[in-house]
There are 2 protein chains.
Amino acid sequence: MQLSDAEWIVMNLIWDSGPTEASDVIAALGADNGWSDATVKTMLHRLVKKGALTTEQIGKKYRYTVAVRRSACVRKASRSFLDVVFGGDAAPALLHLVKTSKLSEDDLDQLRELLDSKSGAKTKNSKNKGSKE
Amino acid sequence: MQLSDAEWIVMNLIWDSGPTEASDVIAALGADNGWSDATVKTMLHRLVKKGALTTEQIGKKYRYTVAVRRSACVRKASRSFLDVVFGGDAAPALLHLVKTSKLSEDDLDQLRELLDSKSGAKTKNSKNKGSKE
DNA sequence: CGTTTCCGATTACGGGCGTAAACTGTTTAC
DNA sequence: GTAAACAGTTTACGCCCGTAATCGGAAACG
């Protein structure tokens, strides 16, 4: 599933909130993004058409429900980003992102753990590396 | 500077190779991407029009030279990717990318070092702050 | 009931993009 | 020097996207 920038905003909301009515999407996103009601409705419609959302009719209203897994879309977008900007090479991308991102101590710790878990099961502690290079 | 996917391919080549003639761009990218000569020429022209490339006439031929810094484009694309897909939150993005990427032991070590250097340990040896990314 | 109100569907429109043919001017080969 | 080759410029076209007005049917209100 291939989402445009604006569609990501809508999908992110519905992934976070669960099935949502159009009016709620409009309320939640319209003002914030400067979208008119019509614009939001168009996007919902297009998302249904492309299979990212489904509508179920609840009583007389419709609810929009995600039909694709967020993780799949994230994976696809990430892959595309890596391919386009970094030629598919993840390492420079990660170095860049880490360098340019604000990360909390907690974030850093989580990342360290993840790195270690990817390093065989060696559970080596990274804290004792050479201090300067 | 905002580059389309196809434009990234062209720009990546010229960033890597330095000033390049159209024929060389066509030779390097055309077959590989299934682009006709005309397609490559169109993209070069559009990149000039949008200010990403300049043409200098060397003798009777033209060379296309980058007019924007790669780092600036990478930064912009990364920012946009983070904003769109992860709501601007770098930490989940990094966790995801690390999880889903194949990384060599060297890559992992480099990342660990970088993480450590970002940790409160803002040691006074700030000699490597102007990294090029 | 008829009219207003909601809400989803249809239609619209300009711009960007991928793709590429056609045009034009210059250089080169016969 | 006239034709072929090359290279940059114009024009083209269909699709996606952001943005939105309008249509049409059902519900609610008076």
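Bear in mind the structure is a predicted one, so any value in this text is a computation, not a measurement. Proteins come first, then strands; the chains are lettered A, B, ... in the order of their sequence lines, and each starts at number 1.
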| request: Using distance alone, with no hydrogens and no angle criterion, decide if T39(B) and T42(B) have a side-chain donor and acceptor under 3.5 Å apart. | output: no

| Phosphate contact (dG8(D) OP1 or OP2) by H45(B) side-chain N/O below 4.0 Å | no

| task | Classify the side chain of T42(B) versus the base of dA20(C) as yes if they form a donor-acceptor pair under 3.5 Å and no if they do not. | result | yes

| request: Starting at atom CD of E7(A), determine the distance to atom P of dG18(D), rounded to an integer number of angstrom. | output: 6 Å

| field | For atom CG of D24(A) and atom P of dC7(C), their distance in whole Å | value | 10 Å

| field | Full working for salt bridge (Lys or Arg N to Asp or Glu O under 4.0 Å) between D16(A) and R70(A) | value | CA-CA 10 Å; D16(A) 286 339; R70(A) 182 182 219 155; 2.9 Å; yes

| field | Whole angstrom value for the distance that separates P of dT19(C) from CG of D5(B) | value | 10 Å

| task | Give the rounded distance in Å between these two atoms: CG of L47(B) and C1' of dG16(C). | result | 13 Å

| field | Per S23(A) side chain, nearest of listed nucleotides dC17(D), dC7(C), dG18(C) | value | dC7(C)

| request: Please work out if T39(B) contacts a base, only the sugar-phosphate, or nothing of the nucleic acid, heavy-atom cut-off 4.0 Å. | output: base

| said: Rounded to whole Å, please give me the gap between CG in N33(A) and P in dG18(D). | reply: 11 Å

| task | Identify the heavy atoms of K50(A) and E7(A) that sit nearest to each other, and give their distance. | result | NZ-OE1, 2.8 Å

| remark: Comparing L3(A) with K41(A), nearest DNA chain D nucleotide closer to 5' gives the residue L3(A)

| For dG18(D), does OP1 or OP2 lie under 4.0 Å from any side-chain N or O of W35(A)? | no

| said: At 4.0 Å (heavy atoms only), tell me whether D37(A) reaches a base, stays on the sugar-phosphate, or touches nothing. | reply: nothing

| Mapping S4(B) and L44(A) onto DNA chain C by nearest heavy atom, which one lands closer to the 5' end? | L44(A)

| What is the distance from OH of Y62(B) to C1' of dT26(C), rounded to the nearest Å? | 10 Å

| How long is the line joining CD of E56(B) and C1' of dG8(D), in whole Å? | 15 Å

| message | Does dC17(C) have its OP1 or OP2 closer than 4.0 Å to a side-chain nitrogen or oxygen of K50(B)? | response | yes

| Pairwise side-chain contact, P19(A) with E56(A), heavy-atom cut-off 4.5 Å (strictly under) | yes

| field | Interatomic distance where CG belongs to L53(A) and P belongs to dA9(C) [whole Å] | value | 12 Å

| request: Look at the side chain of R46(A) against the base of dT19(D) and say whether a donor-acceptor pair falls under 3.5 Å; ignore hydrogens and angles. | output: yes

| field | Residue pair D116(B), R112(A): steps toward the side chain to side chain contact (heavy atoms under 4.5 Å, CB included) verdict | value | CA-CA 9 Å; D116(B) 288 349; R112(A) 287 197 189 94; 2.8 Å; yes

